[in-house]
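Here the structure is laid out as structure tokens; the discussion comes afterwards.
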Amino acid sequence: MDVQLAVSLGRLQLPNPILVASGTFGYAREMAGLVDISRLGGILPKTITAQPRAGNAPWRTVETTGGMLNSIGLDNDGIERFIEHHLPYLAGLGVPVIVSIAGGNYDEFVAMATRLQGQRGVAAVELNISCPNVSHGVDFGADPAMCARVVRGVRAACDLPVLAKLTPNVTDIVAIAQAAAEGGADAVSLINTCLGMAVDWRKRRPILGNVFGGLSGPAIKPIALAAVHRVARKVQIPIMGIGGIASIDDVMEFLVAGATAVQIGTANFYRPTATMQILDALPSAIASLGAGSVAEVVATLSVFAREQPLGAPK
Ligand SMILES: Cc1cc2nc3c(=O)[nH]c(=O)nc-3n(C[C@H](O)[C@H](O)[C@H](O)COP(=O)(O)O)c2cc1C
């Protein structure tokens, strides 16, 4: 079966559209014995920050119906240790590495992107402007003007392709995606986790140490699909679909709804081989639609053909 799997998101070229989401694949070493990493379309290591962070108090994760909540709080070693210790390993995998960065302010975002410029193995940066688990984590993802400014600043500071990862915890994600596009983003990544919480009523306590956390897994797939589709109908730049993806059917739904590539997150925890199974099934799924490439099926949902866009649901 001769199906073209390579896709481009702006200036970012990927061998195939199946990537792994930040925070769910460690720094890849942890997963090396479980999956053939070289087959992946790309890897997003855990978000890094300018300085090391210890993260939030336990508990940091809890299983929920159809998903999980996490409030890790961007526990990471900081950008310098990442460059020194994790990046050489990641760069040797022969897979595009998209480095997820979270600045505490505008200057930190720009400085981190500048530091990553020219580092061997870095294919792109993903701006995590959507973390619900740190204070000010979503500031840049909740305000269109701030989003456009930080994307523009990073874009001006480095030559790397720039992805903006957006939060669903806003009134109008389309407006934020539009701002990211205006700022010069190569693509938007949709979505980060949905704000949630879990309660132990007997103890009358929240289960997570941070009270609130981010909901992920199959439970959020319909939210993510709606976000991808709404943005695809209004915004011109490519979309990286994320949220509850665990099977080839999930992947195909996101592609048809408007995503050019996808990231697998929570599924890596409960079925680490999910990405491999998806990659095995992808060519025949594309061919079953009569297409010869992934790009041919992107944004082909029948409603795209209508004259009048549906717009947001009433
Ligand atoms: C334990 C955990 C840690 C995460 N850490 C990050 C992170 O550091 N940076 C980030 O951008 N997203 C992080 N995410 C969000 C995922 O990348 C993804 O956007 C989200 O989980 C939705 O996809 P999924 O339903 O496939 O998991 C994390 C998710 C989980 C479950």
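Values below: every heavy atom of this structure, side chains too, minus hydrogens, waters and symmetry copies. The model shown is predicted, which means the values in this text are computed figures rather than measured ones.
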- Query: Hydrophobic clusters join Ile, Leu, Val, Met, Phe, Trp and Tyr when side-chain heavy atoms are under 4.5 Å apart, directly or via other members; which others share one with Val138?
  - Reply: none
- Message: Taking atom CD as the centre, does Gln51 end up with more than 12 heavy-atom neighbours from other residues, nucleotides or ligands that are less than 6.0 angstrom away?
- Response: no
- Student check: side-chain heavy atoms of Pro96 and Pro15 closer than 4.5 Å: yes
- Message: Filter on ring pair (Phe, Tyr, Trp, His ring centres under 6.0 Å), then keep only pairs touching residues 246-269, sequence neighbours left out; what's left?
- Response: none
- Between NE2 on residue His85 and OH on residue Tyr27, distance to nearest 0.5 Å: 9.5 Å
- Inspect the contact between Arg11 and Asp159 and indicate whether a charged nitrogen and a carboxylate oxygen are less than 4.0 angstrom apart. no
- So do the side chains of Lys165 and Leu190 get within less than 4.5 Å of each other, counting heavy atoms only? no
- Glu296 side chain to Gly292 backbone, donor-acceptor under 3.5 Å: yes
- Sidechain N-carboxylate O distance under 4.0 Å for Lys234, Asp172: no
- Message: Is there a side-chain contact between Gln263 and Val20 in this structure, where contact means two heavy atoms from C-beta onward sitting under 4.5 Å apart?
- Response: no
- Item | Residues Arg115 and Glu80 bridged, charged N to O under 4.0 Å | yes
- Item | Any donor-acceptor N/O pair, Asn16 side chain to Arg39 backbone, under 3.5 Å | yes
- Heavy atoms, side chains only, cut-off 4.5 Å: are Leu282 and Ile18 in contact? yes
- Message: Apply the hydrophobic cluster definition, ILVMFWY joined by side-chain contacts under 4.5 Å directly or through others, and give me every member besides Val134.
- Response: Leu74
- Query: Under 3.5 Å, side chain of Arg233 to main-chain N/O of Gly258, donor-acceptor pair present?
  - Reply: no
- Message: Among residues at least two apart in sequence or on other chains, which ones pass side-chain contact (heavy atoms from CB on, under 4.5 Å) with Ala32?
- Response: Ile37, Tyr89
- Task: Examine distances only and state if a side-chain atom of Asn268 and a backbone atom of Ile264 form a donor-acceptor pair shorter than 3.5 Å.
- Result: yes
- For Ser8, which residues count as a side-chain contact (heavy atoms from CB on, under 4.5 Å) partner, sequence neighbours excluded? Gln13
- Message: Can you confirm whether Ile98 sits close enough to Val125 that some side-chain heavy atom of one is under 4.5 Å from a side-chain heavy atom of the other?
- Response: no
- Validation row: His86, Asp77 side chains within 4.5 angstrom (heavy atoms): yes
- Pairs satisfying ring pair (Phe, Tyr, Trp, His ring centres under 6.0 Å), at least one member in residues 176-196, at least two apart: none
- Going by the ring pair (Phe, Tyr, Trp, His ring centres under 6.0 Å) test, which pairs reach into residues 135-172, not counting sequence neighbours? Phe109-Phe140
- Query: Applying side chain to side chain donor-acceptor pair (under 3.5 Å), which residue pairs with at least one partner in residues 202-219 are found, sequence neighbours left out?
  - Reply: Ser216-Thr266
- Could you note down all residue pairs passing side chain to side chain donor-acceptor pair (under 3.5 Å) where residues 52-64 supplies at least one of them, sequence neighbours left out? Arg60-Asp75
- Item | Approximate separation, where rounding is to 0.5 Å, of Leu215 CG and Cys194 SG | 6.0 Å
- Quick one: which residue pairs count as a side chain to side chain donor-acceptor pair (under 3.5 Å) with a foot in residues 94-111, not counting sequence neighbours? Thr47-Ser100
- Query: Which residue pairs pass the ring pair (Phe, Tyr, Trp, His ring centres under 6.0 Å) test when at least one of the two sits in residues 195-225, sequence neighbours left out?
  - Reply: none
- Query: Can you tell which of Pro238, Pro17, Pro161 makes a side chain to side chain contact (heavy atoms under 4.5 Å, CB included) with Leu9?
  - Reply: Pro238
- Message: Do Thr167 and Ile191 make a side-chain contact, defined as non-hydrogen atoms from C-beta onward lying under 4.5 Å apart?
- Response: no
- Query: Going from CD1 on Ile242 to CD on Glu126, what distance comes out if it is rounded to the nearest 0.5 angstrom?
  - Reply: 5.5 Å
- So do the side chains of Met276 and Asp36 get within less than 4.5 Å of each other, counting heavy atoms only? yes
- Should Ile43 and Leu93 be marked as a side-chain contact (heavy atoms from CB on, under 4.5 Å) after you check the CA-CA gap, both sets of side-chain angles, and the distance that decides it? CA-CA 10 Å; Ile43 298 175; Leu93 294 171; 3.7 Å; yes
- Message: As an exercise, state the distance from CE of Met197 to CG of Leu195, rounded to the nearest 0.5 Å.
- Response: 9.5 Å
- From Thr24 OG1 over to Asn70 CG, what is the distance, rounded to the nearest 0.5 angstrom? 10.0 Å
- Query: How close do Ala198 and Val62 get, heavy atom to heavy atom, and via which atoms?
  - Reply: CB-CG1, 4.0 Å
- Query: So with a 6.0 Å cut-off around CG of Asp2, is the heavy-atom count from everything else above 12?
  - Reply: no
- Message: Testing the 3.5 Å rule here: is there a donor-acceptor pair between the side chains of Asn76 and Thr49?
- Response: yes
- Note on the structure: Taken in chain and number order and not counting sequence neighbours, the residues that satisfy side-chain contact (heavy atoms from CB on, under 4.5 Å) with Val97 are Pro45, Leu90, Val99
- Item | Between Asp249 and Ser247, a side-chain donor and acceptor under 3.5 Å | no
- Task: Report the C-alpha separation of Val235 and Val188 in whole Å, then their side-chain angles, then the decisive distance to 0.1 Å, and conclude whether the side-chain contact (heavy atoms from CB on, under 4.5 Å) test is met.
- Result: CA-CA 10 Å; Val235 182; Val188 281; 5.7 Å; no
- Item | Distance (rounded to the nearest 0.5 Å) between Leu69 CG and Ile207 CD1 | 8.5 Å
- Apply the test side-chain contact (heavy atoms from CB on, under 4.5 Å) to residues Val297 and Ile286: give CA-CA distance (whole Å), side-chain angles for both, the deciding distance (0.1 Å), then the verdict. CA-CA 7 Å; Val297 310; Ile286 299 289; 3.9 Å; yes
